[in-house]
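Structure, as structure tokens:
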Amino acid sequence: MKVFIGVDHGSNGALAAISESGDIINVLKMPRKEDGDIDCFQVYSWLYENFGDYEHEVIACGEKLHAIFKASASTTFSFGKNIGKIVGIIECLEMDYMEVRAVDWQKYIFTELSIPETHQNKKTPSGKFKRDTKVMARMAVANIWGSESLPYIKHDGICDALLIAEFARRKNT
């Protein structure tokens, strides 16, 4: 059986696993230590205990690192460090890992599901209103998983992780 794991590496991130048929298997809010760093042992334990039996073909997918507009160098470095930790754990467990740009998985999922574009009240430097991808992600999760998604719909990291896993599933089945 194939399992698809979506990874949102952000500070309010999560990992979400779905089956080959698209059912939600398990979700983990990104565990943090007291100092705010990712708790690598908890991430490792969750992955190993749930999917480390080699009976599953695991394909994990996370967002590709890029410079974040108006983000400090330390924020970008911290984000990259988080990605490196999680990718290292995944590779040590001999699971496949793929990267996708946020704009690519969002465009694919939102288009496939005909999610209407919503906007924030903030304008971009070019004067346009900024897309509210968090609201659009909640709509997409509700569209795909219906009432099963209710416990997860208010957590941005879980919504993104589920949709990244769904993107990987649709591209690899």
Side-chain angles (χ1 to χ4, degrees), residues 3-19 22 24-52 58-93 95-110 115 120 130-142 144-145 148-171:
V3 173
F4 300 92
I5 298 174
V7 182
D8 179 339
H9 306 95
S11 59
N12 194 28
L15 289 93
I18 62 175
S19 68
I24 298 172
I25 299 172
N26 205 333
V27 169
L28 175 70
K29 289 181 186 175
M30 194 63 70
R32 299 281 174 186
K33 297 187 288 188
E34 286 183 22
D35 64 4
D37 280 349
I38 288 176
D39 188 329
C40 292
F41 182 74
Q42 284 190 39
V43 172
Y44 172 84
S45 295
W46 183 81
L47 286 167
Y48 181 77
E49 289 168 11
N50 289 290
F51 313 107
V58 178
I59 299 171
C61 184
E63 289 183 351
K64 191 173 193 166
L65 179 61
H66 64 282
I68 302 164
F69 182 68
K70 289 194 175 182
S72 68
S74 65
T75 300
T76 304
F77 179 80
S78 178
F79 189 65
K81 188 169 99 173
N82 291 346
I83 291 172
K85 287 178 178 182
I86 294 171
V87 171
I89 293 166
I90 290 167
E91 289 180 354
C92 285
L93 290 168
M95 298 173 177
D96 291 330
Y97 184 78
M98 60 184 275
E99 292 180 320
V100 62
R101 294 183 326 150
V103 294
D104 293 336
W105 74 256
Q106 290 169 351
K107 181 179 179 181
Y108 179 84
I109 293 291
F110 298 158
I115 300 298
Q120 299 174 352
K130 186 175 179 184
R131 283 179 26 166
D132 195 338
T133 57
K134 299 302 180 192
V135 169
M136 295 168 69
R138 286 187 191 106
M139 287 191 281
V141 167
I144 296 169
W145 290 285
E148 186 181 355
S149 69
L150 292 178
Y152 312 122
I153 206 96
K154 291 186 179 181
H155 190 282
D156 294 340
I158 293 174
C159 284
D160 284 357
L162 283 167
L163 294 174
I164 293 167
E166 178 64 11
F167 172 85
R169 185 185 77 83
R170 290 180 183 211
K171 291 293 188 176

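Only this structure's heavy atoms are used, side chains among them; waters, hydrogens and symmetry mates stay out.
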Min side-chain heavy-atom separation Tyr48-Leu93 under 4.5 Å
yes

Minimum heavy-atom separation for Arg32 to Gly10, with atom names?
NH2-O, 3.0 Å

Which residues share a side chain to side chain contact (heavy atoms under 4.5 Å, CB included) with Ile164, sequence neighbours left out:
Cys61, Glu63, Trp105

Please find the pair of heavy atoms, one from Ala14 and one from Ala161, that lie closest to each other, and give the distance.
O-CB, 3.6 Å

pair Val43-Ile38: side-chain heavy atoms closer than 4.5 Å:
yes

Ser45 side chain to Phe41 main-chain N or O, any donor-acceptor pair under 3.5 Å?
yes

Tell me if the aromatic rings of Trp46 and Phe51 count as close, with their centers under 6.0 Å from one another.
yes

Hey, does Ile83 have a side-chain heavy atom less than 4.5 Å from the side chain of Val7?
no

What I'd like to find out is whether the side chain of Asn82 reaches to under 4.5 Å of the side chain of Met30, using heavy atoms alone.
no

Shortest non-hydrogen separation from Ala140 to Ile109 and the atoms involved:
CB-CG2, 4.1 Å

Do the non-hydrogen side-chain atoms of Gln120 and Arg131 ever get within less than 4.5 Å of each other?
no

Between the side chain of Arg138 and the main-chain N/O of Ile153, is any donor-acceptor distance below 3.5 Å?
yes

Side chains of Lys85 and Tyr44, heavy atoms from C-beta outward: is any pair under 4.5 Å?
no

Compare all side-chain heavy atoms of Ile144 with those of Leu163 and state whether any distance is below 4.5 angstrom.
yes

Heavy atoms only: give me the nearest Pro31-Gln42 pair and the separation to one decimal.
CB-OE1, 3.2 Å

Check each of Tyr108, Phe4, Trp145 against Glu166 using the side-chain contact (heavy atoms from CB on, under 4.5 Å) test, and report the only one that passes.
Trp145

Nearest 0.5 Å, what's the NZ-SG distance between Lys154 and Cys159?
11.5 Å

What pair of heavy atoms forms the shortest contact from Asp96 to Ile90, and how long is it?
O-CG2, 4.1 Å

Report the distance from atom SG of Cys40 to atom CD1 of Ile89, rounding to the nearest 0.5 Å.
4.5 Å

Measure the spacing between CG of Asp160 and NE2 of His155 and express it to the nearest 0.5 Å.
10.0 Å

Dump the intermediate steps for side chain to side chain donor-acceptor pair (under 3.5 Å) on Asn50 and Asn26, then the final yes or no.
CA-CA 8 Å; Asn50 289 290; Asn26 205 333; 3.1 Å; yes

Hey, what do you get for NZ (Lys81) to CD1 (Ile86), rounding to the nearest 0.5 Å?
12.0 Å

Atom NZ of Lys29: over 12 foreign heavy atoms under 6.0 Å:
no

Is any NZ, NE, NH1 or NH2 atom of the basic residue among Lys64 and Asp104 found under 4.0 Å from an Asp or Glu carboxylate oxygen of the other?
no

Do Val3 and Ile18 come close enough that some side-chain heavy atom pair is under 4.5 Å?
no

What are the two closest non-hydrogen atoms of Ile25 and Ser19, and how far apart are they?
CD1-N, 3.5 Å

